[in-house]
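Residue numbers begin at 1 in each chain, while the letters A, B, ... track the order of the sequences.
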Amino acid sequence: MPGIAGRYFDGVTAGDHRVDVVLDEAGGRLVFDGPTFDDGPVFWQLGRLRALRDQARDASLTLTLHADSDDEAPRDAARLTISEPGTIARLQTICPDLHKRDVHKGLYRKLAARGAMAVAAVVLMLFVILPRMADTLATLIPVEREIALGKTVVAQMEQALGAADMGALNCQNPQGRAALTVMLDRLTDRQNLQYELEVQVFDHEMVNAFAAPGGQVVVLRGLLDNASGPDAVAAVLAHEIGHVEERDATRHALRAAGSAGLLSMVLGDVTGGAIAVFLGERLLQAGYTREAETRADRFALNMLNAAEVDSAGMARFFDHLQALEGDMPQLPEYFATHPASEARADRARANANRQGATAPVLTDAQWQALQGICG
Amino acid sequence: MSIGASDSNMLDAHYAGDRGPLFKLAVVTAMLTIVTLGIYRFWAKTRIRKYIWSSVNGGQDAFEYTGTGIEKFLGFLMAIVILAIYLGIVQMILFYFGLTLFTAPETPQQALTQMFAFYITVLAVLPLIFFAQYRARRYKMARTRWRGVRFGMEKGAWGYALRALGHWIATLATFGILLPWQTFRLEKYMTDRTWYGDAQFRQDGKWTALFGAARHIYLAMATLLAGGLAGIVAQSDVVAALAGVVGVIWFMVGIVSYRVNAFRYLTAYKILDGRIGFAAQPETVNVVSTLILGGLMVMLISALVFAGLSAAWFVVMTPAALMGEGAVFVAGLVAAVLYVLALAMSGSLALVWVIQPVIGHVVGTVTVHNSDALGEIRQRAHDSGADAEGFADALDVGGAI
């Protein structure tokens, strides 16, 4: 019976065999033989036939057999390539399993086990080991190194805010500085702080303040402009001092160093992967920071109570923040790095109701001097 | 060029892939990757490799890529366990020691160098990247077959990582002058450990022969240096800027020229089984023009698609806004899907307009000498591949395909 031409590799040597292929439908097999075969024709059962997938040459079909091998896929090593369109079409119709993907036994169990291990390792690192390590390392780091790091961070921040030279944004009005010192002395009097505070005011309209490692605190001018009074500024300062005392900035830098690489590794180079990494990072940091913010708020209230400063100023400040946030689309709370302003305002108000006698933290003249510190 | 084994005991290679089918495959797999939050990327890479490998023909026989997506995924999961522990801890400890070296900055420049010191933590990953590169090549070799016979590579990833580190230090310390040494020794390390069936490859030749290939890199560097000096001496920004532009373009072309010519030399001095030789004649002009024209094509098509999308966005959003919030939401969703499709497309465009044509050109110039001896080569044992390139996937090394 005349067959069609085929090219066969037996999977044992790289030698090629020109073969004559016959499709024996009645016998349910493919039969082929060639001049280079020593042991007579080869029989391939149609049910075990498999075609290679995603191949570039669509005019020919390369066949192999399903077999229990320990290869990457359960396939025989032999290959048979045919190009005759009629036979290819016929095989496509009569072999239902021609394009089947077979997998080794026990694959899904292996997949589940490996998957569970990978997830466990990442979760353990992100939520248990890295935070613990960051906490420990943050307390081990020498204070003078922390101060050096803090100065670098502040210098970077100043540059990011648009300073051409170092210290260009630093507001130095003497009366303003004096008023700031009065406020700080009032807050830190009777407190036993581990860090020597260095508070600067930067000439920038943003309503914000931040604590860098090693006792560095920066207040932006926009906060002084928008604060309802000196008590509110004192509350913000007390909050930032809380971060300083808890070494929050150092701790977060350490945590970020450990977790950033890990996250981008897991998510890979997916299209738009940078966004995913950003969101993941944000989600992770939010958990850490909200906790730290709540702690700093508590610290601030205690500090205000000790200094006999009215915490109603703090409540008014959060009310103001909430009004600002109201104009912007809100992130869900688990994405936000700060607790909801409303709840923070309520806590400050409740504290104000319990407070004993209080006195304004600055005189009107001092407050005006502080507001003019950048003038 | 003739196809197939000729009488003269030689074999020509040629590339048979097309733009259309590969583009379709790339877009479909990229979409699946996005939909599955990145998990499908292992299957995507595998399927694209299957297509490209099967486009490469030695004589009339196509190469075959036998890797599977699932084994790559399994390997990735294993690598994640090891890397999560290693990277998390090492990065943090290095960062900590980086901190203890800190001093208070006095100038902005000093502050900048200190911030740079932060990124030194990347060093923790460097040996792993070289390790992963070798493992990735070994995996790809182990999953490549031709005429039914497997390629393969011996173990040696740590040895490679150590050598690569040393060579990179030498190359950087000599401002690139020792690049040929690095290229040759590292390629020799890998080639000498590569097998086709039971036949071993060997890299012959001398590393000093690659200096010629690197001449354009050196000349470009000399231009940059001379331009900078001339600019200072003549107090002329124009001279310095001109030399800068010429030097940078020359440098980039020089890198391509180096890679092309080094590939020619290294291929000509590769020997299989002590008796089968190779030759490759890729042209720098061809590769550079493909990079430029193909790159322009990708930009042009992407720009048209994104412009069309933004136009469609306005056309759809205006009536949707009149119909109320629900309609706006649906329109936004449709726009997001189209945007993702466009993103998937632009990556695929680079594959079919730049990467595939370069591969096609290089493959088309390869010939094998004494190819009759290939028929006597016998099969080699299966290599389990251990991490199946998982380290390379996790660390994002390994390039386009």
Which pairs of donor and acceptor atoms, one on a side chain in residues 18-32 of chain B, lie under 3.5 Å apart (sequence neighbours left out)?
{"unit_1": "Arg19(B)", "atom_1": "NE", "unit_2": "Val352(B)", "atom_2": "O", "d": "3.4"}
{"unit_1": "Thr29(B)", "atom_1": "OG1", "unit_2": "Leu25(B)", "atom_2": "O", "d": "2.8"}
{"unit_1": "Thr29(B)", "atom_1": "OG1", "unit_2": "Ala26(B)", "atom_2": "O", "d": "3.1"}

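Between the side chain of His382(B) and the main chain of Asp70(A), a donor-acceptor pair closer than 3.5 Å is present. Side-chain N or O atoms of Asp198(B) include one that pairs as donor or acceptor with a backbone N or O of Arg378(B) at under 3.5 Å. Judged by distance alone, with hydrogens and angles left aside, the side-chain atoms of Trp146(B) form a donor-acceptor pair with the main-chain N or O of Asp61(B) at under 3.5 Å.
A centroid separation of 6.0 Å or more is found between the aromatic rings of Tyr65(B) and Tyr51(B). Between Phe73(B) and Trp43(B), the distance separating the two ring centers is shorter than 6.0 angstrom. A ring-centre distance under 6.0 Å is not found for Phe9(A) and His17(A).
In terms of heavy-atom pairs under 4.5 angstrom with chain A, the leader among Ile39(B), Thr66(B), Leu374(B) is Thr66(B). Contact count versus chain A (heavy atoms, under 4.5 Å) is highest, among Gly148(B), Ser54(B), Ala16(B), for Ser54(B). Across Arg101(A), Met125(A), His104(A), the residue that shares the most heavy-atom pairs under 4.5 angstrom with chain B is Met125(A). Options Ser384(B), Ala381(B), Gly375(B) differ in how many heavy-atom pairs under 4.5 Å they form with chain A, and the most are formed by Gly375(B). No other option in Leu52(A), Ile129(A), Thr62(A) has as many heavy-atom pairs under 4.5 Å with chain B as Leu52(A). Most heavy-atom pairs under 4.5 Å with chain B, from the set Gly214(A), Ala138(A), Ala118(A): that is Ala118(A). Note: Ala62(B) leads Ala44(B), Ala388(B), Ala62(B) in heavy-atom pairs under 4.5 Å with chain A.
In this structure, no portion of Ala78(A) lies under 4.5 Å from any heavy atom of chain B. Contacts of Arg145(B) with chain A are made by side-chain atoms alone, with heavy-atom separations under 4.5 Å and no backbone atom involved. Neither the backbone nor the side chain of Glu376(B) comes within less than 4.5 Å of any heavy atom of chain A. Of the atoms belonging to Tyr40(B), not a single heavy atom falls under 4.5 Å from chain A. With a 4.5 Å cut-off on non-hydrogen atoms, Leu140(A) touches chain B through its backbone and its side chain both. Neither the backbone nor the side chain of Arg75(A) has a heavy atom closer than 4.5 Å to any heavy atom of chain B. Met133(A) touches chain B through backbone and side chain together, each having a heavy atom under 4.5 Å away. Proximity to chain A (any heavy atom under 4.5 Å) is shown, for Val81(B), by both the backbone and the side chain. Of the atoms belonging to Leu83(B), heavy atoms from both backbone and side chain fall under 4.5 Å from chain A. Both the backbone and the side chain of Ala134(A) come within contact range of chain B, judged by heavy atoms closer than 4.5 Å. In this structure, chain A has a heavy atom under 4.5 Å from the side chain of Thr68(B), while its backbone stays farther away. For Arg79(A), the part lying under 4.5 angstrom from a heavy atom of chain B is the side chain only.
Atoms CD1 and NZ, on Ile70(B) and Lys110(A) in that order, are 10.0 Å from each other to the nearest 0.5 Å.
Remark: Asp68(A) CG is loosely packed, at most 12 non-hydrogen atoms of other residues, nucleotides or ligands lying under 6.0 Å away.
Under the side chain to side chain contact (heavy atoms under 4.5 Å, CB included) test applied with Arg143(B), the options Arg150(B), Glu71(B), Arg49(B) reduce to a single match, Glu71(B).
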Using ring-ring contact (aromatic ring centres under 6.0 Å, His included), reason through Phe391(B) and Phe76(B) one step at a time and then give a plain yes or no.
CA-CA 7 Å; Phe391(B) 283 96; Phe76(B) 172 76; over 10 Å; no
Apply side chain to side chain contact (heavy atoms under 4.5 Å, CB included) to the pair Thr64(A) and Leu49(A), showing each step before the final yes or no. CA-CA 6 Å; Thr64(A) 182; Leu49(A) 278 191; over 6 Å; no
